[in-house]
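Okay, structure first, notes after.
So you know, we letter chains A, B, ... as the sequences are listed, proteins then strands, and number each from 1.
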Number of protein chains: 2
Amino acid sequence: MKQESGSEIASLIREVNATLNAQLREAFKENDLTPPQMMVIFMLAEEKKLKVSEISTKMNLANSTVSGIIDRLEKSGYVKRMRSEVDRRVVHVVLSEQVEELHHSFHETVTQFLGTIAADATNEQIEQVLTGLNTLRTLLSGKKTKNLRCE
Amino acid sequence: MKQESGSEIASLIREVNATLNAQLREAFKENDLTPPQMMVIFMLAEEKKLKVSEISTKMNLANSTVSGIIDRLEKSGYVKRMRSEVDRRVVHVVLSEQVEELHHSFHETVTQFLGTIAADATNEQIEQVLTGLNTLRTLLSGKKTKNLRCE
DNA sequence: AACTAATATTTCGTATGCGAATTATTATAT
DNA sequence: ATATAATAATTCGCATACGAAATATTAGTT
C-alpha cells in the first residue's frame, strides 16, 4: 500500500509541477519570458541585487543552470552582471535601467499571477496544500538515498 | 496572504520536484538510467507494450519529448520500436529481449525505491501529502489562464 | 475515387537542468 | 611568503522539455 503511495506521489508531483510551469509560460509569453527567467526578475524586483549563488539557492538550481539563464536575460536586456569590488569572485545580478523603472509593475503582475493559484481556494484548502507539501519535503529530505541495481 | 501562499506553493513544488528527481537520479545511476528513462522502463515492465502517445499521457510529457527519450533508450538497447500493422501511424514501444528477462527485477527495484518515499511516513502523513497534492491539482486544473503583460 | 480533415509521430530550434571540469580569486596553513 | 585549500562563477557535454512545423497515414466528405 505504501509503495503504491510512492508511485502516486511521484506522479502527482510531476503533474502539478508541469501544470504550474505551463500556466506560468502561458501567462508571461507576451513578455517573452520563460518561467525561470520570470522568477529571477521577480526576485530582483524585490531584492535589487543578488549573487548568482543566491539565485541558485533560492530557486533550487545548480549554479551552471542559473549562469545560462542570466546569459539570456542579459542578452535580451533585462539584467546586468556586475563584478563585485569587494570579492572579485562574486558576480552581482541587477535589473537593467529600463526594467528598473518597471519593476513595480512587474512585481505586482507576478504576485497577481501567483495569487490566482490560491484565489479560488478556501483557506482550508490552502492549509491542506501547504501542510501536504511541507510534510513531503520533510519526508524526502530525511531520506538517505540507497543505491539500487537491477540485473 | 493568499498571494504569499501562491509564491510559497510554487516554490515548494519546485523544491520537492527537484529533490525527488535528484534522488531518482542518484538511485539509478549505476544502471545509467535517467529518471524519465527509468519511468518508461517501469511502465513497460507493467504493460508490455505502449504507444508513444500513451507514454506521453501517462508521464505528462509532450510527444516530442518522449520521442527523444525513446531514441536514447533504443540506442542503449533497452527498448525497441515496433510500427503497428493495424494503424501504421502508431509506434509501439516494447522492452528489448535482454531487458525483458529482467523486467521482474526491474519493476521490483523501482517499486522498492518508490516505496522508500513513504516508508518512514505514518499513514496519516501519507494521507496529508496525497490530500494536499490532489487539492492543488484540482485548484490548478480549474484555473483559466489569464494573459498578463508588464510594461 | 479525389480532396480534406484528423491523427500519430518525428524533426527542429531553443531553453532549461545537471554534474564534472575549468578558471579566477580569496582564505588558510605551514 | 608561498603552497594549498576553499569558494564563486563559468564552460562543457549531455538529457530533458516544449511548441511549431513537417511527415506519414488513416478517416471522413463529396
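To the nearest angstrom, P of D:dT16 lies 16 Å from CG of B:Asn60.
Taking 4.0 angstrom as the limit, A:Ser64 places none of its side-chain polar atoms (N or O) nearer than this to OP1 or OP2 of D:dT11. The phosphate of D:dT16 has OP1 or OP2 within less than 4.0 Å of a side-chain N or O from B:Arg72. Listed pair A:Arg14 / D:dA17 meets the phosphate criterion, a side-chain N or O lying under 4.0 Å from OP1 or OP2.
Mapping A:Asp87 and A:Asn21 onto DNA chain C via the closest heavy atom, the residue that lands nearer the 5' end is A:Asn21. For the pair A:His92 and B:Ala62, nearest-nucleotide mapping onto DNA chain D gives the more 5' position to A:His92.
Side-chain contact between A:Leu73 and A:Leu33: present, with at least one pair of heavy atoms (C-beta onward) separated by less than 4.5 Å. Under the 4.5 Å side-chain criterion, counting only non-hydrogen atoms from C-beta, A:Ser53 is in contact with A:Asn63. Proximity of A:Val66 to A:Glu54: side-chain heavy atoms (C-beta onward) are nowhere separated by under 4.5 Å.
No donor-acceptor contact under 3.5 angstrom links the side chains of B:Thr122 and B:Glu124, judged on distance only.
Inter-axis angle, ends of the helix from C:dA1-D:dT30 to C:dT30-D:dA1, five pairs per end, rounded to 10 degrees: 10°.
Here A:Arg72 pairs with A:Gln37, A:Ile69 under the side chain to side chain contact (heavy atoms under 4.5 Å, CB included) rule; sequence neighbours left out.
Nucleotides of DNA chain C with any atom under 4.0 Å from a heavy atom of chain A span, from 5' to 3', C:dA15 to C:dT26.
Across all strands, A:Ser53 comes closer than 4.0 Å only to sugar-phosphate atoms, never to a base (heavy-atom distances).
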